[in-house]
Number of protein chains: 2
Amino acid sequence: MSVTLHDVARAAGVSIKTVSNVINDYPHVRADTRARVHEAIEQLGYQPNLSARSLRSGRTGAIALALPELSLSYFAELADSVIEAAERVGQFVIIEQTGGDRERELQLLSSWRRKMTDGLIFSPLGMGMDDAAHLDVAYPLVLLGERIFDGPTDHVTMRNVEAARAATEFLIARGRRRVAIVGAHEGEVIGSAGLRLRGYLEALEAAGIPYDERIVVHTTLWHRANGATAMRELLARDVEFDAVFGFNDTLALGAMRVLQVAGYRVPEDVSVIGFDDLDEAMYSLPSLTTVNPGRSEIAEVAVRSLTERIEANGDTEVPPRLHLAQFRIVERESTATA
Amino acid sequence: MSVTLHDVARAAGVSIKTVSNVINDYPHVRADTRARVHEAIEQLGYQPNLSARSLRSGRTGAIALALPELSLSYFAELADSVIEAAERVGQFVIIEQTGGDRERELQLLSSWRRKMTDGLIFSPLGMGMDDAAHLDVAYPLVLLGERIFDGPTDHVTMRNVEAARAATEFLIARGRRRVAIVGAHEGEVIGSAGLRLRGYLEALEAAGIPYDERIVVHTTLWHRANGATAMRELLARDVEFDAVFGFNDTLALGAMRVLQVAGYRVPEDVSVIGFDDLDEAMYSLPSLTTVNPGRSEIAEVAVRSLTERIEANGDTEVPPRLHLAQFRIVERESTATA
DNA sequence: TTGAAAGCGCTAACAG
DNA sequence: CTGTTAGCGCTTTCAA
């Protein structure tokens, strides 16, 4: 069958321990022995058996990334970044899609499938604050997103409040006073929608602009269709507004489309800003100003934290850490001023 | 540490063989013994050690999916479908990104990372027909895409020629005679661009419309920016056209944007059709008519083929198979007729 | 129908 | 500096 340590050892005229030492760069091996072993490895095309190594070491070399679905561009781009970051530290990434369903998210946390990986990077959507206790699992876990705070695990996410405030202030600084919101969630305090709304309110207050709930449109899902529907609803309300802050790019793009169809010019009549800095925001018509929430930093830090926890092997005293990535506003055509 | 077969066996008062039999639904186990074992498993919260199982069985339970990058919506949606299909047959999916780079694609084929998985679903972009021999690997491999045909492996892909022909005929049937192409590749015969161009030519010929190379724009990359650039180039050529066939949705969307900025109305002045049926095609302004190439069927069949090859354990006589998925045209606003 | 025991390929403790 | 050896937890002959 396949070439094993024994074959290499025999070919090099040493014991398997020596071969093992060479492979794991154990320092105390004579240079010529090492060379001989390397040659044998080369010659025989030896590749270590990862299952055996896993069985022995208790590590699989893989981490899981659980997210709602890859068809949502935000998560696809997040996965891209996580895979890249993981590759740099020599880890494989297994992706699990939850569909944003709370039940599936809970199941996933205790599934036998966890056994296949050394740890989990988890971006829940259905679970909420009340489910924090479910995150107290026996394996390394890093939490992403805004569904649960103060949980028992490391948490890596974005500065939602500050970023949303900055986005709103960006519009106000350009003379807009009636900034409509697309994507608010009824009564939500925590969660992306709740936090971004808070940032919006802070910006209004700082600028002395009164809050007008008539220009805040609620929509549970954040797909483009919902942005479009929300904008139709806003237009039907027949209240004045001169800017739109979509709580993500997809919503903003959907809303922008309806605005244009209705005869509004963007940015002349209405400025539009999004959130996420998806690739497509760069190519819309007009191109979309948006908030880059620091996705690659989030991926990088999440993988690093998880790796640390894995290496600490559960017996570290480092308490749960919270990391907030740096955001920045990416200015494009949809908020250009004349 | 963790609960093992031995623990379960002891708790149930049987040998580990019996427990193993129960777990693998080996038929010849007395009902009450089986019940006792199940109870013990439940009680102890036993979960099998996948590494040990892998070491013994030679299977990891994971398959790899290699693709250019998840940031490209087409591949993100493909990955989504593949993960779903794999989950249905109890397999994990490890994603590897190649960036579409030939060197990395070749490396990937013989990487030690292959050892982590039972097989590979491979969607190359940099490799070409001349590299077919590299696909002759010792593990189960299913090829996707149009870079290599008649290779030594199973191949699952779309009906590019027929679909492109149908798309062109769709435009012609709606009275368009000057169908511009965005995304052709200079001198390419095989590959998505080459095949789709062939379908286009077939449609023209069947309709008795002469080919005019002045309305065919070449662009190597298929991002939105390239569609935009291509359309600017086409407009600069100052030749007449009344329709655009973007060789993928992203190109079509980029081209459509430039068209609109230039003052053309879509679909009144120019109809636009794309290829891929990405989610976003549904929400553009106007919504984009496109070809649905049968992505979920491709994923489904790819996973099934690979699983069969894995189970056949290399010693089957089934020759390489080619499966072409069913396509269909999705009609939307960008080709509406007055 | 169930039990005993031999490895799968590797790592690491222990000797030498 | 290098060799011997005992498992990691599981599947699977071979016996009973």
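Every chain is numbered from 1, with letters handed out A, B, ... down the list of sequences.
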Where the side chain of [X] is defined as all heavy atoms beyond and including C-beta, which of [options] is the nearest nucleotide?
{"X": "A:R30", "options": "D:dC1, C:dG9, D:dT4", "value": "D:dC1"}
{"X": "A:L5", "options": "D:dT11, D:dT2, C:dC10", "value": "C:dC10"}
{"X": "B:S20", "options": "C:dG3, D:dT11, D:dC10", "value": "D:dT11"}
{"X": "A:K17", "options": "D:dT11, D:dG3, C:dT11", "value": "D:dG3"}
{"X": "A:L55", "options": "C:dG9, C:dC10, D:dC10", "value": "C:dG9"}

Given side chains that start at C-beta, do those of B:R34 and B:V37 come closer than 4.5 Å, heavy atoms only? no

Hey, does B:T18 reach any base, or is it just sugar-phosphate, or nothing, if we go heavy atoms under 4.0 Å?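 Sugar-phosphate contact only - B:T18 comes under 4.0 Å of backbone atoms but never of a base.
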
Base, sugar-phosphate alone, or nothing: which one does A:T33 contact when heavy atoms must sit under 4.0 Å apart?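 Sugar-phosphate contact only - A:T33 comes under 4.0 Å of backbone atoms but never of a base.
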
Is the shortest side-chain N/O distance from B:T4 to OP1 or OP2 of D:dG9 below 4.0 Å?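 B:T4 to D:dG9 OP1/OP2: no side-chain N or O under 4.0 Å.
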
Rounded to whole Å, how long is the line connecting atom [atom1] of [X] with atom [atom2] of [N]?
{"X": "A:H6", "N": "C:dC10", "atom1": "NE2", "atom2": "C1'", "value": "9 Å"}
{"X": "A:D7", "N": "C:dC10", "atom1": "CG", "atom2": "C1'", "value": "13 Å"}
{"X": "A:R36", "N": "D:dT2", "atom1": "CZ", "atom2": "P", "value": "8 Å"}
{"X": "A:R56", "N": "C:dC8", "atom1": "CZ", "atom2": "P", "value": "16 Å"}
{"X": "B:L50", "N": "D:dC8", "atom1": "CG", "atom2": "C1'", "value": "14 Å"}
{"X": "B:I16", "N": "C:dT2", "atom1": "CD1", "atom2": "C1'", "value": "12 Å"}
{"X": "A:N21", "N": "C:dC10", "atom1": "CG", "atom2": "C1'", "value": "12 Å"}
{"X": "B:Q47", "N": "D:dC10", "atom1": "CD", "atom2": "P", "value": "11 Å"}

Are B:R104 and B:E96 close enough, and set up right, to give a salt bridge (Lys or Arg N to Asp or Glu O under 4.0 Å), and what steps lead you there? CA-CA 10 Å; B:R104 284 177 64 188; B:E96 308 242 15; over 6 Å; no

Residues, nucleotides or ligands: over 12 heavy atoms within 6.0 Å of B:D32 CG: yes

Under a 3.5 Å cutoff, is there a donor and acceptor pairing between the side chains of B:H323 and B:E297?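 Yes.
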
State the CG-CG distance between B:L50 and B:L55, to the nearest 0.5 angstrom.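 So the CG of B:L50 and the CG of B:L55 are separated by 12.5 Å.
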
Of A:P48 and B:G13, the one whose closest DNA chain C nucleotide lies more 5':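 Looking at the nearest nucleotide for each, B:G13 comes out on the 5' side.
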
